[in-house]
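Just below is one structure, and these are the notes that go with it.
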Amino acid sequence: MITKIMSLSLDENNKLADLFREMSLMYKYIGVQERFRFLAFQKASRVIKTLPQSICNYSPEQIKALPGIGESITRTIKEYLVSGTIKRFEHLRKKTPYQLLEIMEVKGFGPETLKKIVSSLKVRTRQEFVEALQSGKINKLPGFGAGKVEAMLRGFKLYKEVEDRMLLWDALALGEKVKAWLKACPGVIKVEAAGSLRRRKETIGDIDMLVACKEEHRAQIIKYFTSGDFVGRVILKGDQRASIVLSDPKKQVDLRLITENNWGSALQYFTGSREHNIHLRTIARSKGFKISEYGIFSLSNGKRLGGATEADLYTTLGFQIMPPEMREDKGEILHSQNHTVPSLINLTDIKGDLHVHSNWSDGLCTPEEILLHLQRRFNYNYIVITDHSKSSRIARGMDEKQILQQVKIIKALNKKMGVNFIKTGIEVDILQDGQLDISNEILSQLDWVNAAVHSHFDKDNTDRIIRACENPFVCCISHPTGRLIGHRDAYKLDITELINAAKRTGTALEINAQPTRMDLKDDFAMEARRKGVMLVIGTDSHTLQDFNFMELGVSIARRAWCKPGNILNSLSWDEIETFKLQKQKNKDVKNASVSVKKENYTFHEK
DNA sequence: GCCGTTTTCGGCCCGACTGTTTTCAGTCG
């Protein structure tokens, strides 16, 4: 194992990934002769950024086995972990206008443009660069017309013009709006959202729309798209594609037109991810095929072999197609080659919700209102009301007396409705030392116990949460990392340690489906699934509308390659009872201080 | 730089759009 001089948190991965990203930019600046080093460091940066655990935990052999990381970059990583610096980074920094490299990340700026300006105007800082741009010095250079300078200025403005990435939930709604808008255009045969939205990434930068139409209708559709009421600005406008920024919200929408015959290949191309496509196209080439948005072709005679459907591209290669959520080049192509693509969980597999708040704490509705809503709108077999416990004062958490009262009320409600639909439960607070704020005596009387951290976000919470896992009555850890996308980073937590502890103690981990939480996120859920930890998708509902978030949780589970068997709330309640009993019998779980009333449960093998 | 159904050399996805030319390089997704 590489010397651990750094902290164990993922911060180290981010720092190293940033260094590699900067090195890739420096190679990009140097020019075409370093084009492939640029690509190599760009890829290495991305790989390190998405590692599930700290790079310090990997042995040199494990590092070298990572995709896109070979002998040389392994040595560089080792140098960084041991000394904290990279000699080649320092060397490159002297050779390139380091302060200006970020400019290459602005739309319309590439290395050649930057190099010409740097060499003829001798600018060194970003400020000097902008001044040269605005003063008109730059458009005196050969090859820099007024149009290009204006595009550059716009590029700088655009840097701030488009707001931050959208939450997936908001992007899904916006995508539907744009889709309806395009569908209303004469000549449009089919519309579909592609890109990261179709892959259901947790946040979305811009919205990619694909439209099928006849060639003779292209011009009128492009005109419709670029001159609509909610268009803020047109970025690009050609015969087959156009990009706009909406006036509100200020989000970019890219449109691509295609004939119906090319629908499948275009949808595959436009869905990506970039990495998935590059990998697939490289393999296709090695097998004598060429893939583009126009189909799959034989390299030897140029004959088109398919492309009307997405499956054409994969099956012509002898591969198996996989759902869009898997297309991130994280090993899915190997499964595709081997015909071992998993059958991912679907929304319809979900049998209940194990994380629901009522007006007994900070939810808005009574248990009865929740029951009626779910029986009308959802095909669930059970739900658990899991209100907060007393330490969550802001959420009006329940004390012991209220918990027992609520149990009575829920049992009476089930009886009145003639069902056994609502289970009793709680979201119990994990205190700073890992103890719970409700006794085991009370917890043992509930059907389901979520445990969660709601305080001391500035501490390392690994040991605290693991201790909660060791309680025999804790069924699941809710929103395990505590992050709120765009508002609050995850607290310090060794996620691998937690996943190992969950496995050891038989505790489930939650995929919290709230749009700003999505916690566990896809990579962590993937690691937990691989290690055999059971996952729960909980909506953490506080209103009746919140139950719709289940769709988001299922998206994460699919991005983590989960099958129904990996998700506890796609199983029957009997099977959930078996899961609980297995935990209570587990020798790694501290002995319960009260005896548990046992009943005869049967386990139904799937 | 990486990688291997092209495996230790030689290739590395592929096509649309823009600006400035006048046939294409640079850039983007």
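Quick note on labels: first sequence line is chain A, next is B, and so on, each numbered from 1. Just so we're clear, the structure is a prediction, and the values are computed from it rather than from any experiment.
Of the charged side-chain nitrogens involved, at least one lies within less than 4.0 Å of a carboxylate oxygen, so that A:Lys330 and A:Asp523 count as a salt-bridged pair. At a threshold of 4.0 Å, the pair A:Arg327-A:Glu310 counts as salt-bridged, since one of the basic side-chain nitrogens sits closer than that to a carboxylate oxygen.
The CD atom of A:Gln240 sits 12 Å away from the P atom of B:dT18 (whole-angstrom rounding). Distance, A:Phe289 CZ to B:dC13 P: 18 Å, rounded to whole Å. To the nearest angstrom, P of B:dC12 lies 18 Å from CD of A:Glu34. In this structure, A:Leu313 places its CG atom 13 Å from P of B:dC14, rounding to the nearest Å. To the nearest angstrom, P of B:dG11 lies 13 Å from CZ of A:Arg35. As a whole-Å value, the separation of A:Ile222 CD1 from B:dA16 P is 13 Å. Spacing between atom CZ of A:Arg256 and atom P of B:dG15 amounts to 10 Å, rounded to whole angstrom units. Atom CG of A:Leu299 and atom P of B:dG11 are 14 Å apart (whole Å).
Taking the C1' atoms as reference points, B:dC12 lies 15 Å from B:dT7, given to the whole Å. One C1' atom belongs to B:dT18, the other to B:dT23, and the distance between them is 14 Å to the nearest Å. A gap of 26 Å separates the P atoms of B:dG15 and B:dT20, to the nearest Å. B:dC17 and B:dG11 are spaced 30 Å apart, taking the P atom of each and rounding to whole Å. A gap of 14 Å separates the P atoms of B:dC14 and B:dT6, to the nearest Å. Using C1' as the reference atom, B:dC13 and B:dT22 are 29 Å apart when rounded to the nearest Å. Nucleotides B:dA16 and B:dC9 place their C1' atoms 33 Å apart, quoted to the nearest Å.
Judged as a side-chain hydrogen bond (donor to acceptor under 3.5 Å, both in side chains), and not counting sequence neighbours, the contacts of A:Glu328 are A:Arg199, A:Arg559. Under the side-chain contact (heavy atoms from CB on, under 4.5 Å) criterion, A:Asp18 pairs with A:Arg21, A:Lys49, sequence neighbours left out. Taking A:Trp169 as the reference, A:Phe549 meet the ring-ring contact (aromatic ring centres under 6.0 Å, His included) condition, with sequence neighbours excluded. Every side-chain contact (heavy atoms from CB on, under 4.5 Å) that A:Asn338 has, sequence neighbours left out, goes to A:Leu334, A:Thr340. A search for side-chain contact (heavy atoms from CB on, under 4.5 Å) contacts involving A:Lys115 returns A:Tyr29, A:Glu112, not counting sequence neighbours.
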Could you give me the CA-CA distance, side-chain angles and deciding distance for A:Arg46 and A:Glu275, then say whether salt bridge (Lys or Arg N to Asp or Glu O under 4.0 Å) is met?
CA-CA 10 Å; A:Arg46 248 193 324 257; A:Glu275 289 73 24; 2.8 Å; yes
Take A:Lys64 and A:Glu61, measure what salt bridge (Lys or Arg N to Asp or Glu O under 4.0 Å) needs, and give me the verdict at the end.
CA-CA 5 Å; A:Lys64 195 175 172 300; A:Glu61 293 72 33; over 6 Å; no
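Across all strands, A:Leu39 comes closer than 4.0 Å to no nucleic acid atom at all (heavy-atom distances).
Each ring-ring contact (aromatic ring centres under 6.0 Å, His included) pair with one or both residues in residues 255-280 of chain A, not counting sequence neighbours, would appear here, but there are none.
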Contacts under 3.5 angstrom, residues 31-45 of chain A side chains, donor-acceptor by atom type, not counting sequence neighbours:
{"residue": "A:Glu34", "atom": "OE1", "partner": "A:Arg37", "partner atom": "NH1", "Å": "2.5"}
{"residue": "A:Glu34", "atom": "OE2", "partner": "A:Arg37", "partner atom": "NH1", "Å": "3.4"}
{"residue": "A:Ser45", "atom": "OG", "partner": "A:Ala17", "partner atom": "O", "Å": "2.8"}

With a cut-off of 3.5 Å and sequence neighbours excluded, list every side-chain donor-acceptor pair involving residues 281-300 of chain A.
{"residue": "A:Thr282", "atom": "OG1", "partner": "A:Ile278", "partner atom": "O", "Å": "2.6"}
{"residue": "A:Ser286", "atom": "OG", "partner": "A:Ile283", "partner atom": "O", "Å": "2.6"}
{"residue": "A:Ser292", "atom": "OG", "partner": "A:Tyr294", "partner atom": "N", "Å": "3.0"}
{"residue": "A:Glu293", "atom": "OE2", "partner": "A:Arg256", "partner atom": "NH1", "Å": "3.0"}
{"residue": "A:Glu293", "atom": "OE2", "partner": "A:Arg256", "partner atom": "NH2", "Å": "3.3"}
{"residue": "A:Tyr294", "atom": "OH", "partner": "A:Gln240", "partner atom": "OE1", "Å": "3.0"}
{"residue": "A:Tyr294", "atom": "OH", "partner": "A:Arg256", "partner atom": "NH2", "Å": "3.1"}
{"residue": "A:Ser298", "atom": "OG", "partner": "A:Ser300", "partner atom": "N", "Å": "3.3"}
{"residue": "A:Ser298", "atom": "OG", "partner": "A:Ser300", "partner atom": "OG", "Å": "2.9"}
{"residue": "A:Ser298", "atom": "OG", "partner": "A:Asn301", "partner atom": "N", "Å": "3.4"}
{"residue": "A:Ser298", "atom": "OG", "partner": "A:Asn301", "partner atom": "OD1", "Å": "3.1"}

Solution key, residues 203-223 of chain A side-chain donor-acceptor pairs under 3.5 Å, sequence neighbours excluded:
{"residue": "A:Thr203", "atom": "OG1", "partner": "A:Arg165", "partner atom": "NE", "Å": "2.9"}
{"residue": "A:Gln220", "atom": "NE2", "partner": "A:Pro186", "partner atom": "O", "Å": "2.9"}

For every nucleotide of nucleotides 23-29 of chain B, 5' to 3': is a protein heavy atom under 4.0 Å from its base (B), only from its sugar-phosphate (S), or from neither (-)?
---SSSB
Quick one: what's the B/S/- string for nucleotides 5-10 of chain B, heavy-atom cutoff under 4.0 Å, read 5' to 3'?
-B----
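Base pairing analysis places B:dG26 opposite B:dC17; the two distances defining the Watson-Crick or G-U wobble pair are each below 3.5 Å.
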Which pairs, protein N/O on one side and nucleotides 2-4 of chain B N/O on the other, fall under 3.5 Å?
{"residue": "B:dC2", "atom": "OP1", "partner": "A:Gly70", "partner atom": "N", "Å": "2.6"}
{"residue": "B:dC2", "atom": "OP1", "partner": "A:Gly70", "partner atom": "O", "Å": "3.3"}
{"residue": "B:dC2", "atom": "OP1", "partner": "A:Ile73", "partner atom": "N", "Å": "3.3"}
{"residue": "B:dC3", "atom": "OP1", "partner": "A:Gly68", "partner atom": "N", "Å": "2.8"}

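Listed nucleotides B:dC17, B:dA16, B:dT18 differ in distance to A:Asp239; the shortest reach to its side chain belongs to B:dC17.
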